[in-house]
Amino acid sequence: MSMWLPSCRRHTPSRRGAIDAELVRPSDVAACVAPLPTAPHMHLMVWLLDEEYDREHRAVHMTERETDLHPLKIRYHGTSDIPYDERYTEFIRPTGLMPFISLVSRGGPHMNPSALTALVDRWRPETHTFHLRAGEMAPTLQDVSMILALPIQGEPLCMNTASDGWRQQMEGLIGRAPPAPANPKQRVPAGASFEWIRTNFGECPIEADEDTRRTYARVYLWYMISRTLFPDSGGKLAHWCWLKALTVLDDRWSWGTAALAYLYRQLDEACRRTGSKTGSGGIGGCMLLLSVWSWDRLSVGHPRVLKETPWPHFPHFPDWEPTWAYLWDNVSEMTSDPMVMYRQYTAELDTLTAEQVEWQPYGSYYRIGAAMADLNPKCTEEARFWRMRCPLICMWLVEHHQPQRVMRQFGLYQECPPMWQDTDKALHRLDRQRQRKITNWPVHHSGHIAAFQHCLEAARNAGPEQIVPHDFTAFNNYLEWFHQNTRIELVKRAYREEILDDPIQFDEVGQSQHDAFARRGRSTSIASELNFVREEIQKTAEECEVVWEQSHRDEKPVGPLRNFIKNTARKMRRLANLLGCREGEIPTSSSSEEHIPPEDDLILSQGILPKRTSKQRSAYQLKPRGKAPNRYTPED
């Protein structure tokens, strides 16, 4: 039986989700946030990459060890193989999971393993953010609410995970359990395979009484959250601990923070999962959350949205309305070679700039979710908790939520540098497989549980908040600091730095590995050339500033300026050639030119012709544009 009714809905603008807050200018809140930096030297320099995490990071294998890694396997399973029964609703609604179940019971959109892997390669456990040229980005509690509508308030999902006698406990809870292995010495995980659940609880009997319906609803929830919120990298088992959390079907648990903590830990592990040779492996966690988050903001791996499947409209049941993820309900599937697309997505992320990111897909701060009609009210109900700096707890996992590092995603002022929060290596080492002796996690994590509850209480009692809007100058200063303190390029540069200075024929550049691969038909990317050119242009600009400053202090600055301008012109011409231009390069200095009077007007506005029979283009003459050639003037 199905829960869906035939009536349907369509998109119209609405004002649901508007949030009241006081708008404050950055200059008015010096006591609340760090002041705007005025110069790069004011930034605190701190290398963001820790050696312990970096040693086996996929990014290091790609850049320094030049390992040819492969896309990871996505552990996100279909959810429509067990049909939803509308008789489950009365038991699911008290848990606070009804909006989420309404979403995932329809199935899910096509995932793109290649695009997600290219994103995972840039995840950093030190900061719980993706490190991109555009800055730091990460899924936050705002995305958990908008995309999944999972509850944030409640007790942290932390229980005793002792598995002794788990079969007897499972039989007492749902009436049956998987059989024990024939060999008593064989160790099997505490849980049931998805196949076993489908076989024994696939469809609730029509004549079922209330207790039977409750049992089937409990198993259905167990099956769904195990396949969508908490799939591990193996992806074949529903663990016993998730069923244990459903012993009492009420709304006591903070499912939203648990799902985000689990995703963070899976990203922490997947970004260092390289395997023996190819880097193959899996990634768990809620891939629906990560995919929709990426599609909303990034053009890399962006699918084509197909005709949506109508969503039934329930006027008297608002918690059955769609979440933001419904906008991506039906998308095109990536059918190209995964390895080729993985390289392409990696190159695209290398060149993605802040201007190319959709920072606020849900709308501005005052109109969150207004662009989607009939948005589930649960999506914006807990907005006051979105920017909590709190521990995220899920059984044995504790991960830190760090919204202060991604304030641009909220449309707010970004501090530089962001307030540091240690993600704690000791917490990252905690694992139910490695620490089998630790089972009483509520006691072990008592301090973090108290901190989480304190954050919830503080957010509930907080008065009207002061909103410091995004400031372009501050964000640019942050980007300058960020680029100097992390790794943002994973594509190997096409050329050696020396080719800009060595007195070689330009055709010799064509012997580089990059161009040799292109001739042989191997896949190459413009990102490798752009990364090289971008760095060289930046260094040249810095040299210009240094020479300019020195020229004001020199009594006779013309000579150094002349040589510098000439060398700079040669470098810039060769940079242009590397991008496909073909113009004569600037000849190197010769003794025959030393007698030319070093007059500024002459140098800047007049071409200097070398004594050669072949025609050479002047370094100081602009390329003609239009009818008459333009030239530099002293005023320029």
Side-chain angles (χ1 to χ4, degrees), residues 72-80 95-113 115-117 119-120 123 128-130 137-152 154 156-157 194 221-239 241-242 245-246 253-271 273 282-298 301 322-329 331 361 376 378-379 382 386 392-395 397 399 401:
L72 298 168
K73 297 180 177 66
I74 302 302
R75 302 304 186 186
Y76 182 86
H77 310 278
T79 55
S80 57
T95 65
L97 293 173
M98 194 67 231
F100 174 73
I101 294 299
S102 300
L103 173 68
V104 297
S105 60
R106 296 164 52 89
H110 297 294
M111 303 292 174
N112 189 338
L116 290 176
T117 304
L119 197 58
V120 169
W123 179 262
H128 288 162
T129 55
F130 296 108
M137 301 182 71
T140 66
L141 290 176
Q142 181 190 48
D143 305 295
V144 171
S145 291
M146 294 297 294
I147 297 173
L148 305 179
L150 292 173
I152 297 174
L157 184 59
F194 293 132
L221 281 177
W222 179 34
Y223 184 82
M224 296 299 279
I225 66 175
S226 297
R227 291 172 69 86
T228 57
L229 295 182
F230 308 117
D232 60 12
S233 58
K236 298 181 180 179
L237 191 75
H239 290 280
C241 61
W242 311 125
L246 298 168
W253 300 121
S254 174
W255 291 102
T257 58
L260 192 58
Y262 195 85
L263 176 61
Y264 279 5
R265 176 57 64 88
Q266 290 294 320
L267 291 172
D268 292 342
E269 296 175 353
C271 70
R273 188 170 287 135
I283 174 175
C286 187
M287 292 294 98
L288 176 63
L289 172 61
L290 185 60
S291 294
V292 174
W293 175 88
S294 173
W295 295 338
D296 275 333
R297 290 171 169 79
L298 309 177
T323 69
W324 190 266
Y326 175 61
L327 298 177
W328 303 93
D329 181 61
V331 299
N376 196 304
K378 296 293 183 182
C379 292
E382 297 181 304
W386 288 348
L392 306 170
I393 304 170
C394 180
M395 297 297 183
L397 307 178
E399 303 287 337
H401 187 233

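This is a predicted model, so every value here is computed, not measured.
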* Residue pair W386, I152: steps toward the side chain to side chain contact (heavy atoms under 4.5 Å, CB included) verdict -> CA-CA 9 Å; W386 288 348; I152 297 174; 4.0 Å; yes
* Can you list the steps and then say if I393 with T257 is a side chain to side chain contact (heavy atoms under 4.5 Å, CB included)? -> CA-CA 7 Å; I393 304 170; T257 58; over 6 Å; no
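Not one N or O on the side chain of R297 forms a donor-acceptor pair closer than 3.5 Å with the backbone of P361. Looking at W253, its side chain does come within 3.5 Å of a backbone N or O of A245 through a donor-acceptor pair. A donor-acceptor pair under 3.5 Å is absent between the side-chain atoms of D296 and the main chain of W293, judged by distance alone. Listed for the S294 side chain is no donor-acceptor partner under 3.5 Å among the backbone atoms of L290. No donor-acceptor distance shorter than 3.5 angstrom exists from the side chain of Y264 to the backbone of H401, with no hydrogens or angles considered. Checked by atom type and distance alone, the side chain of S254 never pairs as donor or acceptor with a backbone atom of P156 at under 3.5 Å. Remark: side-chain polar atoms of H128 are not paired, donor with acceptor, to backbone N or O of E399 under 3.5 angstrom.
Side-chain contact check for L298 versus M137: some heavy-atom pair is nearer than 4.5 Å. Proximity of T228 to L288: side-chain heavy atoms (C-beta onward) are nowhere separated by under 4.5 Å. Here the side chains of L267 and F130 are in contact, with some heavy-atom distance below 4.5 Å. At a threshold of 4.5 Å between non-hydrogen side-chain atoms, the residues W242 and L221 do not count as touching. Side-chain contact between W328 and S291 is absent, with no heavy atoms from C-beta onward closer than 4.5 Å. Contact annotation: the side chain of M395 never approaches that of Y262 to less than 4.5 Å [non-hydrogen atoms, C-beta and beyond].
When all heavy atoms of L263 and P139 are compared, the pair lying nearest together is CD2-CG, 4.4 Å. Taking both residues in full, the closest heavy atoms of C271 and D268 are given as SG-O, 3.3 Å, listed atom of the first, atom of the second, then distance. Here the closest non-hydrogen pair linking A261 and L397 is O-CD1, 4.3 Å. The two residues P99 and K378 have their closest heavy-atom pair at CG-CG, 3.8 Å. Looking at every heavy atom in both residues, T323 comes nearest to I147 through OG1-O, 2.7 Å. Considering every non-hydrogen atom in both L116 and M287, the closest pair reads CD1-SD, 4.0 Å.
Distance check: I225 CD1 to F100 CZ gives 8.5 Å after rounding to the nearest 0.5 Å. Atom CG of L392 is separated from atom CG of L157 by 12.0 Å, given to the nearest 0.5 angstrom. Here CD of Q266 is found 11.0 Å from CZ of F230. Values are rounded to the nearest 0.5 Å. Taking CG from L289 and CG from L260, the interatomic distance works out to 7.0 Å, rounded to the nearest 0.5 Å. Interatomic distance, NZ of K73 versus OG1 of T117, reported as 10.0 Å (0.5 Å rounding). Atoms CG and CG, on L103 and D329 in that order, are 8.0 Å from each other to the nearest 0.5 Å.
Remark: T129 pairs with T127, H131, E136 by the side-chain hydrogen bond (donor to acceptor under 3.5 Å, both in side chains) rule, at least two apart or across chains. Taking the ring-ring contact (aromatic ring centres under 6.0 Å, His included) definition, one finds that W222 meets it with nothing, sequence neighbours left out.
Ring geometry for F194 versus Y223: interplanar angle over 60°, hence perpendicular rather than tilted (30 to 60°).
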